Structures are given as structure tokens and as C-alpha cells.
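Chain A is the first sequence line, chain B the second, and so forth, proteins listed ahead of strands; every chain is numbered from 1. This structure is a prediction, so every number in the text was calculated from the model and none was measured.
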Protein chains: 2
Amino acid sequence: MGENYNYPKHFVAVDCIIFGFDGENLKILLIKRNFEPNKGDWSLMGGFINEQESSDQAADRILNMLTGLENIYLEQLNTYTAVDRDPSARIMSISHYALINIQDSIQINEKYSAKWFDLKDHPDLIFDHNAMVKDAVLRLRRRATTRPIGFELLPEKFTMKDLQNLYEAIFDEKYDKRNFTSKINALDVLVNTNEKDMSSSKKGSFLYTFDEKKYNKKISEGFMFKI
Amino acid sequence: MGENYNYPKHFVAVDCIIFGFDGENLKILLIKRNFEPNKGDWSLMGGFINEQESSDQAADRILNMLTGLENIYLEQLNTYTAVDRDPSARIMSISHYALINIQDSIQINEKYSAKWFDLKDHPDLIFDHNAMVKDAVLRLRRRATTRPIGFELLPEKFTMKDLQNLYEAIFDEKYDKRNFTSKINALDVLVNTNEKDMSSSKKGSFLYTFDEKKYNKKISEGFMFKI
DNA sequence: TCAAAAGTGTTAGTGTTACACCCATGA
DNA sequence: TCATGGGTGTAACACTAACACTTTTGA
């Protein structure tokens, strides 16, 4: 009976802001549309929500189609509902942001003509996708002050410099090396593997991993981490 | 042509978490459903989104129907899309929270059998509305640490104690009167009217108003206000 | 004159920021 | 031996948290 409600129904899509990190810069993964409308333009990866799936499931499915990855870190952001946001039809879109380790995703499905762009230098996007990206960056920043971040974006082993570069890329600010290090150490979520990455200097720099237990504990406790 | 997309369409509703403050406790406005499904149960105020309106417009319209108020402070929260969240049909819902000055809204539309409840002691709600309320409280708290709050929830003139009560209600914590006062004064958004509210004590306590310019400036600057 | 709430400062401790030199190594 | 990036400590300052007494006035 519910299906007979006399109310309008709407197309509802999800769009994904996919963040990655290459050790230096924050990146986003964009696709070149090979379909109408706006064929040839750059946009976020997205798709319609099916009858029997939630928006999270739809975002999972769509990310999997694009990257082949499972269990990507995903968070729902905002829902964009302006009537004319998409000129081809009235389509609402629920944005999600994803954090992926850029190394993992080498086999991006070629069908979508996807490409990583520097967050600070990406092409103009269709519809309201530029606004979606802006909003997602704000959320990513908020998340980075509320929780330790990096687990999802960095390779398993990383240097302190990598982590600092990540925070600097997220906040688009420079930090003092000593202060950053002691702040992170005070957080107590890293483990020094005692291995060294020799590629960046002659002395080499220690490789760390996240202590997943402590990391998740910090996340669930919910604290304020001001860098 | 867009309307012919071969994709499923969905019912999309908005639900409103309406916060008010009576000087002592945080309240939420709930309605007793006089329609199916779940007639007789308590729920948030909500409604379907029309063809030609955005979710914000829908939330505005629905709040106006209930309270007669215009230009209520509204913010979009999350979109709830679990397939079976509403047993009568697959309906997505975009939650919004509203802050209203409880004095303003005396003429609540009787048609909806609405009632103010203490946030800490409200009846069990239908569907996922309990979760919506919980999420909204978290957002309200976050907002109260990122921006000065109160303008929307307090009457035009209020005492320092009222403001402290509001913060204590939002965070469900007690604060030291001296520290609270100096923190708020340091914020520099209040104006002392030099009038006194004589109802609460023999000595009387000063009534303040917000300096709207400074208040909005603080909001737009975006700062961290840890009480 | 007393009861009840309003108003007001100081201090110790904690956290934050700014800042510069030595270390290890491969070339 | 030198050039390069890695690693480390301290001091001044700012902010936070804890704490108690005096004022006003109506009853």
C-alpha cells in the first residue's frame, strides 16, 4: 500500500569524492564523462541508487566498479537537492567521500577514463560537483581534527615526514617538524617498525605503522586533535 | 529526455528535529501521528519533498505548517536511506535540525498534536527517528563548539545564567560560573542592556542581548569555542 | 537581619608555539 | 669531508581549571 502514496518520486544518485595521497599532495579521482549529458567534461564518479540498496551500498558498488576495491572507507556527506542542479532531469545527489591509499588502486577500470588530479589543481567540474568537492575538503579537515587520520590514506609503512606531508596537504599549511612529531607521539597511535626508508636521504628515516587497536580506540573515544 | 532515464525513482521526505530551550532544559517538538502508519505514536515532524522544491524548501514549508514561523534557522543533517527504515514503503529521509525560540511559537498548529518534550526524557519515536535525534544532538554540540550559539534559541534579552543553562543543557555538563562568564565575555558578542531581570532573585541579574554584527562575524570567521 | 542569587580575580598547571643544532650516511 | 635530510629539547607564553567571598535587596 505504501507504494501507492500519492507523492512524487525522485531520481536519487550518489556522487563520490575520492581522496588519495601520493606522499606529497592530496589528490582526487575524477572521471571524464563518455556519456551524455556533458560528455567529455570532468565529474565525480557517481550513479543512481537502486530499489534495494542504501546510499552507502550504492557508493560502495560504484567505487568498486571504478577501482575494484572492497571495503573502502566511506562517509556520507551532504545531499544536494536544488531542483535544477542537473539540467537533464531533477536528480538529487547524496555525496560521499572516500579515502583510499593511492598505491592500492592501480587497476582503475579503464572504462571510466578516470584520472588522479591534484586537489589544488583540478579541472572545472560539471553541475555542483565543484561545491561538493569544497564541502568534502571541509569535512576532511574537520575529521582530521577530531580523529587521527592517515590509516586510510597512507601505505602500511610510512615515514613521519609522509604523515606530516599529509596533514600539511589536508590543511594547506606548514607545520614545525619538532612540534608535529611530538604532537603525534603524544597521540600514541604509531609504532616504529625500526625499519628505515633509505630512498629519501642518506641517513634514512624510520618507517612507522599505525597501531590499529590504539588508532580505533582514539577514534571511538572522539577527541580533539589540534595540530 | 532526462525524465526517461531508465532508473528507479524514490520517495524522499524530510524530517525535522526541532530544538527549543525553555530557560532550563533543551526541548524537542514532536508530533503524535494521527495518520497511518503508526498512528498514535510519536515522531518527528516531516513530509514528502515536492517536484519543484529543494529539501530546504520542503523543511521550511513543513516547519511553517507546524509553527506558523518563517525564516527558522535550519540546517541539513544526514540522509537516511536504509531500504526498510519505513515499513510502509521505501522512503529516504533527509533530516534537518531547526533552532527556535520557544516563546515565539506559542501558536503551534493544533492539527498536528505537537508537544514539547525534554530532550532527556522524550517518548520512543517511530522508525529511525530516535537515531535522527541522537545525530542531531551531536551536530548541535559540534555547532556550539564551532560558533557562538543561542541567538536562535534564546529570547531577545536573556541573563548570563540563561546562556549558561543553555550550554549546560546542550552538553549535559555543569560549568563554573566564573569561568563561563569570562569565556563568554572574551568572545565579545554580548551587549549588556543595563536592564535587570528581577524575577529570579532579589538582587536581579543583568539582561544581555547578542550583538548581531559581532555574532555573525564570529560565525563567518569560523573559530573554535571550547567551553 | 537573613536568605538567596548575582557578581567578581587569582593562581597553579597544562598545553602551545617558536626556535637551532647535532647525527648518520652515501657520494 | 661534505652535503643532505633526519632527529631531537627547551623556554616563554597563552589558555584552562579550580577555587570562595562580597554584594544586593525583598521578605
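Counted by atom type alone, B:Asp56 and B:Ser54 present zero donor-acceptor pairs between their side chains at under 3.5 Å. Side chains of B:Ser93 and B:Asp15: a donor-acceptor N/O pair is present below 3.5 angstrom, by distance only. Using a 3.5 Å distance cut-off with no hydrogens or angles, the side chains of A:Ser55 and B:Thr81 do pair a donor with an acceptor. For the 3.5 Å distance criterion, the side chains of B:Thr159 and B:Asp162 qualify, holding a donor opposite an acceptor.
Taking atom OH on A:Tyr175 and atom P on C:dT16, their separation rounds to 13 Å, with Å as the unit. We find that CZ of A:Phe180 is positioned 13 Å from P of C:dT17, with the value rounded to whole Å. Rounded to whole angstrom, the span from the NZ atom of A:Lys202 across to the C1' atom of C:dT25 amounts to 8 Å. Residue A:Lys177 contributes atom NZ, which lies 12 Å from atom C1' of C:dC19 at whole-angstrom precision. Between B:Gln164 atom CD and C:dA5 atom P the separation is 14 Å, expressed in whole Å. Rounded to an integer number of Å, the gap from B:Asp162 CG to C:dG7 P is 11 Å. When the P atom of C:dA18 is taken as reference, atom NZ of A:Lys183 falls 12 Å away, rounded to whole Å. Whole-Å rounding puts the B:Leu163 CG to C:dG7 C1' distance at 16 Å.
Between A:Ser201 and A:Ser182, it is A:Ser182 whose nearest contact on DNA chain C lies nearer the 5' terminus. Two residues, A:Asn185 and B:Asn179, neighbour DNA chain D, and the one matched to the more 5' nucleotide by heavy-atom proximity is A:Asn185. Each of A:Lys226 and B:Thr181 was assigned the nucleotide of DNA chain C with the nearest heavy atom; the assignment lying further toward the 5' end belongs to B:Thr181.
Taking the side chain as every heavy atom from C-beta outward, A:Leu29 and A:Lys115 never approach each other to under 4.5 Å.
Taking the six-membered ring where the residue is Trp, B:Tyr175 and B:Phe180 present parallel rings, their angle staying beneath 30° rather than reaching 60°. Note: A:His129 and A:Phe127 have perpendicular aromatic rings, judged against thresholds of 30 and 60 degrees for the angle between ring planes.
Of all nucleotides listed (C:dT8, C:dA4, C:dT17), C:dT8 comes nearest to the side chain of B:Arg178.
The base of C:dA24 has none of its N or O atoms less than 3.5 Å from a complementary donor or acceptor on the side chain of A:Lys203.
Mapping heavy-atom proximity under 4.0 Å, the span of DNA chain D touched by chain A runs 5' to 3' from D:dG5 to D:dG9.
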